*Asks:* 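Take this structure, written in structure tokens, and hold onto it; I'll ask about it next.
Note that the structure is a prediction, hence the values are computed from the model and not measured.
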Amino acid sequence: DWQVARKVEGLRAEGEKVISRRAEGAQKLQAYVKETRAAAIVGDWADADGMLCRLKADGTVLVPPSRGSGGTWKVVDEDGFSTSIELTLALAQTTRNGV
């Protein structure tokens, strides 16, 4: 009986090591995916009306001076396939004549 108990304990310890390595690998993969998504968001973007903005890695948003003073962005939702962000901009109000 003591031999069986020793064998069971050895298998249990081996199983815990495997589970620990897999959990560590899953955490590394999750961090990589999050970092890759964030890097994909950063850069120059335009909306359907041609409004240009540049999203920076530090969470700031730059817009042309004629459009306003920029703002901030943050990730608000992520799932397995997409990422949603929220932009907060301080835009200049102009009339049709640009005044």
*Asks:* If I compare all heavy atoms of G71 with all of L89, which pair ends up nearest, and what's the gap?
*Replies:* N-CD2, 4.1 Å
*Asks:* How about R54: does its CZ atom have over 12 heavy atoms from other parts shown lying under 6.0 Å from it?
*Replies:* no
*Asks:* According to side-chain hydrogen bond (donor to acceptor under 3.5 Å, both in side chains), does anything in residues 10-23 pair up with another residue at least two apart or in another chain? List the pairs.
*Replies:* E9-R12
*Asks:* To the nearest 0.5 Å, what is the distance between CD on Q3 and NZ on K7?
*Replies:* 11.0 Å
*Asks:* State plainly whether one hydrophobic cluster holds both V42 and L52, where clusters connect Ile, Leu, Val, Met, Phe, Trp and Tyr through side-chain heavy atoms under 4.5 angstrom apart.
*Replies:* no
*Asks:* Taking V33 as the starting point, is it possible to reach V75 by hopping between hydrophobic residues whose side chains are less than 4.5 Å apart?
*Replies:* no
*Asks:* Atom CG of L91 and atom CZ of R67: how far apart are they, to the nearest 0.5 Å?
*Replies:* 8.0 Å
*Asks:* Mind checking what makes side chain to side chain contact (heavy atoms under 4.5 Å, CB included) contact with K74, not counting sequence neighbours?
*Replies:* V76, E86
*Asks:* Which pair of heavy atoms, one from V63 and one from C53, lies closest together, and at what distance?
*Replies:* CG1-CB, 3.9 Å
*Asks:* Same hydrophobic cluster for I41 and L62, using side-chain heavy-atom links shorter than 4.5 Å among ILVMFWY?
*Replies:* no
*Asks:* For S66 and A92, work out which heavy atoms get closest and say how close.
*Replies:* O-CB, 4.2 Å
*Asks:* Within this structure, what is the CD1-CH2 distance for the pair I85 and W45, rounded to the nearest 0.5 Å?
*Replies:* 7.5 Å
*Asks:* Sequence neighbours left out, what passes side-chain hydrogen bond (donor to acceptor under 3.5 Å, both in side chains) with T60? Give chain and number order.
*Replies:* D58
